[in-house]
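Computed from heavy atoms alone, side chains included, the values below leave out hydrogens, waters and symmetry copies. In each ligand, atom 1 is the first atom listed, and ligand 1 is the first ligand listed.
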Amino acid sequence: MRVYSTRGRAPAAGLAEAIAAGLAPDGGLYLPEAWPRLDAAAFAADADLPAVATRLLAPLFAGDALAPALPGICARAFAVPAPLCPFGADGDFLLELFHGPTAAFKDYGASFLAGCLTALPRTPAGRPLTIVVATSGDTGAAVGAAFHGQPGLRVLILYPDGRVSPRQAHQLGSFGGNVRALRVAGSFDDCQRLAKAVLADAGLRAEVPLGSANSISLGRLLPQMAYYAHAALVHWRAHAAPLHLVVPTGNLGNALAALLARRIGLPLGRIVLASNANSVLPEFFAGGDYRPRASLATLANAMDVGAPSNFERLQALYPDPAALRRELTAEAVDDAGIRAAIVRTHARRGQVVCPHTACAAEVLDRLRARGEGGHWAVVATAHPAKFPEVVEPLLEMPVPPPPALAAMLARPAQAEPLANDLAALQALLRAW
Ligand SMILES: *Cc1c(COP(=O)(O)O)cnc(C)c1O
């Protein structure tokens, strides 16, 4: 499948090329030129998550350099289950995407991207490819876990010193080996500026092959369709009805994947975005202008996004705003609503949810209160034990980490200090 840039000023590329590049050379985001059509009958009745992923993605990878490796990449990225579980006693569901090594949905996309980059031949031969990633917490950990121990690949994580939670900092520094964590004397924006600057430095890249694992990569977006497809199929076979979704949303990567799975033909119904107090998407979908702005800090910090990067893809897919507003709706939940939803969801549904998942649980409760029928799933994007400082005081009980996260937290952690200075980062990369 060929892919094109949303900005229309870059040549069409192959999928493998687009996955290796991340961003298109004109600064746009890549999208496939055509979408396959696959309905429930296209999938074997007993297809598990890796089999659904392989069948779903095969038409997009057909004829590509990565096609032969696709089944193996899916087997590894989707070895972690994504179960559709009961959510309370009234027939609602929780789509649990937090069973991976860093206990958040980003593990799937990061692992798929790592598989693609490992499978691609690299030039110059024999030189490792160094992935530079700036993170405010979750992304860096998922990328570190996915690339840890992968031959020919190294990861340099830049995070703002003192501005990630203690548990996040421990995770980021716990990998060792081919994954190095740098605690930068600066903000997340400083980290992102440093990462962008080295990635744009052609002289440095000639000496040290560099790559990115940014969330706008097709290598992270496309595989995220798989858990929605699998959940929709499991639900369709049990209930002969479409599954409606509420998706916690920040940069819109996870929710866009749900929309794409439905567009391909999977039996998904309504898709509702749940934002935190960063309400740029709810305002647009309510009929207002799209007004990107600086982000606000909230309890659901992985969704603190004021300019959702994947909105550019939505606009390319649905140039008419009225047509786009028919595809999705969106609601905002402020910090008071998040706290209340964590407490209420535990009391009424017997489930402990993370602050991001709580936004979606609150939106589902609003929909039900307005008399909305049908079968709904709240998408659980992270395990609540990643956010003990928020969840434990509200519920007045400990929330133990799942085994994979506990193992990571039990390892020693070490991060290296880095000055907020481009020359220091360039010197470090040359010396590695
Ligand atoms: C990244 C993240 C989100 C937001 O996902 P997007 O794809 O950016 O919309 C939501 N919840 C958690 C826990 C996350 O880590």
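Side chains of Ser187 and Asp190: a donor on one and an acceptor on the other come within 3.5 Å. Using a 3.5 Å distance cut-off with no hydrogens or angles, the side chains of Asn254 and Tyr227 do pair a donor with an acceptor.
Tyr290 pairs by the ring-ring contact (aromatic ring centres under 6.0 Å, His included) definition with Phe311, not counting sequence neighbours. Judged as a ring-ring contact (aromatic ring centres under 6.0 Å, His included), and not counting sequence neighbours, Tyr30 has no contacts.
Distances below 4.0 Å separate heavy atoms of Ala382 from the following atoms of ligand 1: 13 (C). Short contacts between ligand 1 and Met303, defined as distances under 4.0 Å to a heavy atom of the residue, involve ligand atoms 3 (C), 4 (C), 10 (C). The ligand atoms of ligand 1 that sit less than 4.0 angstrom from a heavy atom of Asn254 are 7 (O). The Gly253 neighbourhood of ligand 1 comprises atoms 6 (P), 7 (O), 9 (O), with distances under 4.0 Å to a heavy atom of that residue.
The protein heavy atom nearest to atom 1 (C) of ligand 1 is Lys106 NZ, 1.4 Å. Ranking protein heavy atoms by distance to atom 8 (O) of ligand 1, first place goes to Asn251 N, 2.8 Å. What sits closest to atom 4 (C) of ligand 1 on the protein, heavy atoms only, is Gly250 N, 3.7 Å. In this structure, the protein non-hydrogen atom closest to atom 11 (N) of ligand 1 is Thr381 OG1, 2.8 Å.
The distance criterion of under 3.5 Å between nitrogen or oxygen atoms is not met by Ala302 with respect to ligand 1.
Comment: Asp138 engages Lys386 in a salt bridge, judged by a side-chain N to carboxylate O separation of less than 4.0 angstrom.
When heavy-atom distances to ligand 1 are checked against a 4.0 Å cut-off, Asp138 comes that close only through its side chain, counted from C-beta outward.
In this structure a side-chain-to-backbone donor-acceptor pair under 3.5 Å is present from Ser165 to Gln168.
Atom CZ of residue Phe78 and atom OG1 of residue Thr54 lie 8.5 Å apart, to the nearest 0.5 angstrom. Considering CD1 of Ile19 and CG of Leu117, their distance stands at 8.0 Å, rounded to 0.5 Å.
Judged by the shortest distance from any of its heavy atoms, Phe105 lies inside the 4.0 Å radius around the atoms of ligand 1.
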